[in-house]
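Right, one structure below, let's go through it.
Side chains included, hydrogens not; waters and symmetry mates left out as well; all remaining heavy atoms used. So you know, we letter chains A, B, ... as the sequences are listed, proteins then strands, and number each from 1.
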Amino acid sequence: MDIKKIEKKWQAVWEKEKLANFNQKNVDKKYYCLEMFSYPSAAKLHLGHWYNYGPTDSFVRYKKMKGFEVFQPMGFDAFGLPAENYAIKTGIHPKDSTEQNILNMEQTLKEMGAMFDWNAEIKTCNEDYYKWTQWLFLKLYEKGLAYRKEAPVNWCPSCKTVLANEQVTNGECERCGSVVVKKDLTQWFFKITEYAEELLQGLNGLDWPEKTKLMQKNWIGKSTGGEIELTAESGDKFKVFTTRADTLFGVSYVVLAPEHPLVKKLTSAKQKKAVEEYILQTSKTNEIDRLSSSREKTGVYIGHNAINPINGKSVPIYAADYVLYSYGTGAVMGVPSHDERDFAFANKYGLPITRVIKGTNGNDDLPFVEDGIIMNSPGFDGMTSEEARKAIINQLVKSGKAEHKTNYRLRDWLVSRQRYWGAPIPVIHCDKCGVVPVPYSDLPVKLPYDVEFTPDGESPLAKHKGFMNVKCPVCGGDAHRDPDTLDTFVCSSWYYLRYPDAHNSKEPFNPELINKILPVDKYVGGAEHACMHLLYARFITKALRDIGYLNFDEPFKSLVHQGTILGPDGMKMSKSKGNIVAPDPYVQEYGSDVLRLYLMFGFSYTEGGPWNDDGVKAITKFLDRIERLAIKLNATPNNKNNTVGKNEKDLLYAVNYAIKCVDKDMEEFAFNTAVARLMELLNALSKYDTIDGDKNVNLFKNSFKTLIQLLAPCAPHFAEEIWESLGGKGSIFNSKYPVCDESALVLDEVEVAVQINSKMRTKIMLPSQVTEEQVKEIIFADEKLSTELAGKEIKKLIIVPKRLINIIV
RNA sequence: GCGGAUAUGGCGGAAUUGGCAGACGCGCUAGACUUAGGAUCUAGUGGGAGACCGUGGGGGUUCAAGUCCCUUUAUCCGCACCA
């Protein structure tokens, strides 16, 4: 078979027959299968793309044969940092390099032979897409879900530019090696925290991997407790959040995040130098280090005290970097006796340690971090921790010093980027009118081509006068645009809504249509997106629902993560390790079906694993065997033999067993076992081929036809070619998926394992349906078993139907 | 550090979710066909002569554990500006 020729042949047929095009008329039978779109990189498709898209396309083809109207779109997440960095390095404009990369990728994606509906293609960097990304921003702004506040960025003082976390290695700028500091800028945020509770609750109803749901749950990080107000000696008030109000009498100090505004305000003259030094030090430290529990806790007394509202005690205020300003209130109470961090901190700085919880099982060690019985807490002694948590807050609620509160670890989503290659933020800043949203009729705010993106201290767009200078839409006076662009996660937070209506020039999507086609029935992509992209998309869906555009709550009903294909050395593929395996040579030599089939067979789909060349050859062998059998069968004349004897029954069992298993495995993305079942069916067909005497040729040919249909989703070009040679009419993907005949799977007798005292002894044949009495009879009739059991008393007989018998003597 | 996962023959991986560990394939061994084989076909293949032993290590629950519990080690992913 000339692989290259048949690939071209069938791809042309599919295009002509519009096999991949979604027909909206059949929306009632829709199946929306979405793969995470790709970032257009310079190096064609890598194995990761193949692994995501190839097997998933087989799943889609399987669904099509099952009678669904499938929709499988593809597009490009085309904005982002790498193109801009590439431009800084080479001078090639991000738009030019991105467009070229997209062309290359489109070509290789098409060669893959996947059923992508290219009519629905989207590219997030095109005006007709980012116009609607900007629309989304404005809608969120109108709804009060977009707001501005100060937030720190990584700042390289020598390059005078904002750095992504990725560009900071060990606290230094990856370009020039200078120490990177935090710098505050006013930036745009989306209020995802407003949906924290719903995002958490919504997880329950989703058909997602449990681990992903768990990760999102922990990321959202709900904790219930109280917010307690403390008053500094200056009279300034601040709040701390705690889940352990039962330990309030044990507070011996409080901590403010170094970034907390009160730190600057309250620091005494004497402590000023030390505190400023500490704040500077903190600005050089990343959050992972700050939160590390193994790192030594540091802090500095700010020379000012605060009053504990429950007992009026004055306690020192520290600034310490293990408290983050972005979490909770940016302030915590320190209870050394009942918290490990606080215990270490108090020991280091010589702070008092007062025990206020007693263990119930005589544990006297400190810190004691479990619940127990309250002590040293006048008015609450003897209560359990649980009772005291409520009672103490309740008492403070009366005087307005506390409230019950649920806190989330989830933070609002920072969407401003001080970069060029992104969707401009559609906002105008006017001295008179303040922040003015760009009128919808003026969208898109076009990203200008001619900009200087070499870093020199300003956002690239800020230097472009033609872009920046505008008239205020409200007062008509001089104003300027927002110089920042949107995080690319904003683009990808709604793309699944655009696909089904990709060419709509009047609105981002037609709500009526979208409400029929969405939610996505199956979403397939990497697990690395568990907490960010997947959470952002859920948030945007809920927000658009509340704004009135959508009538569903969750964008992705069912989710699958593909694993990672590693290099042959078992390490993650990377240029620096030199272990990258490119798919192209394999496609050239063996064809796309073989590569796809190997990816399906050689790995557990959700696990991935190391690449291995030998497996590829095994697949070639498998397809060759099928092809030889096809040739042989096509040369075999039909006969009138309709007998169904033992051999035919075995074959029918194999055929129906394969249908049942492959059907189930494809549905569950268990591609490796699906292919294994296909191989078993081929083995059964080969076996039937070798029997002597008159064969039931009709049955033989039909069984083979079933094999080809089951194989078709996994080796589409190959299967079409064989199907055609067998006289199949039209594309095999328009044929109906085989249906299992359960009656062929019913066996008269089954082999059952027999254990004595849980040790394997022998195997016996048993009728499928037996009573315990019959089992006993058969056991004693068995020669081997009866000798072993002679003179022993059977205490217990455990029968697992059709599997195992355990005789306890 | 925190959060999440993974660990099964020489290798990739199966195991109806507590019931015969190693499906299927690679590799290997022997044989057949062949001038030839890196083609094809047939048979065998966890270890051990054996009783038995075997699912990263150690403990436990159970008639029964790869699967459940405790503990430990190694590796991988994410940690909010890579996408």
- Query: Using atom C1' of each nucleotide, how far apart are B:A21 and B:G46 to the nearest Å?
  - Reply: 10 Å
- Message: Would A:Arg409 pass as a cation-pi partner of A:Trp219, given that its NZ or CZ must be under 6.0 Å from the six-membered ring centre and within 45 degrees of the axis?
- Response: yes
- Query: Of all heavy-atom pairs between A:Leu410 and A:Leu199, which one has the smallest distance, and what is that distance?
  - Reply: CD2-CD1, 4.5 Å
- Without hydrogens or angle criteria, can the side chains of A:Asp412 and A:Tyr147 be said to hold a donor-acceptor pair below 3.5 Å? yes
- Query: When you check every protein heavy atom under 4.0 Å of nucleotides 36-43 of chain B, what one-letter string (B, S, -) results, 5' to 3'?
  - Reply: ----SS--
- Applying salt bridge (charged side-chain N to carboxylate O under 4.0 Å, His left out), name anything that partners A:Arg625, two or more places apart in sequence or on another chain. none
Each nucleotide N or O in nucleotides 8-13 of chain B that has a protein N or O under 3.5 Å away: list the pair and distance.
{"from": "B:G12", "atom 1": "O2'", "to": "A:Gly602", "atom 2": "O", "distance (Å)": "2.2"}
{"from": "B:G13", "atom 1": "OP1", "to": "A:Gly608", "atom 2": "O", "distance (Å)": "3.0"}
{"from": "B:G13", "atom 1": "O3'", "to": "A:Asn672", "atom 2": "ND2", "distance (Å)": "2.9"}

- Reading nucleotides 46-55 of chain B from 5' to 3' and marking B where a protein heavy atom lies under 4.0 Å of the base, S where only the sugar-phosphate is that close, and - otherwise, the string is ------SS--
- If you measure from the P atom in B:G10 to the same atom in B:G57, how many Å do you get, rounded? 13 Å
- Could you check how far CG of A:Leu535 sits from P of B:G78, rounded to whole Å? 17 Å
Which atoms of nucleotides 62-67 of chain B (N or O only) lie under 3.5 Å from a protein N or O atom, and what are those distances?
{"from": "B:C63", "atom 1": "O2'", "to": "A:Ser758", "atom 2": "OG", "distance (Å)": "2.2"}
{"from": "B:C63", "atom 1": "O2", "to": "A:Asn806", "atom 2": "ND2", "distance (Å)": "2.7"}

- Listed by chain and number, what are the salt bridge (charged side-chain N to carboxylate O under 4.0 Å, His left out) partners of A:Asp484, not counting sequence neighbours? none
- Note on the structure: Per nearest nucleotide of RNA chain B, the residue lying toward the 5' end, A:Asn165 or A:Leu804, is A:Leu804
- Message: With a 6.0 Å cut-off on the ring centroids, do A:Phe603 and A:Tyr605 count as close?
- Response: no
- Query: Taking the inter-plane angle between the rings of A:Tyr130 and A:Phe79 on a 0 to 90° scale, is it parallel (under 30°), tilted (30 to 60°) or perpendicular (over 60°)?
  - Reply: tilted
- Distance-only side-chain donor-acceptor flag, A:Trp611 / A:Tyr586, under 3.5 Å: yes
- Considering residues, nucleotides and ligands other than A:Asp613, do more than 12 of their heavy atoms fall under 6.0 Å from its CG? yes
- Task: Describe, in one word, how the ring planes of A:Phe453 and A:Tyr420 are oriented to each other, choosing from parallel (under 30°), tilted (30 to 60°) and perpendicular (over 60°).
- Result: tilted
- Message: Please give the distance between the P atoms of B:A65 and B:G54 as a whole number of Å.
- Response: 11 Å
- Message: Between A:Asn218 and B:G78, is there a contact of a side-chain N or O with OP1 or OP2 at under 4.0 Å?
- Response: no
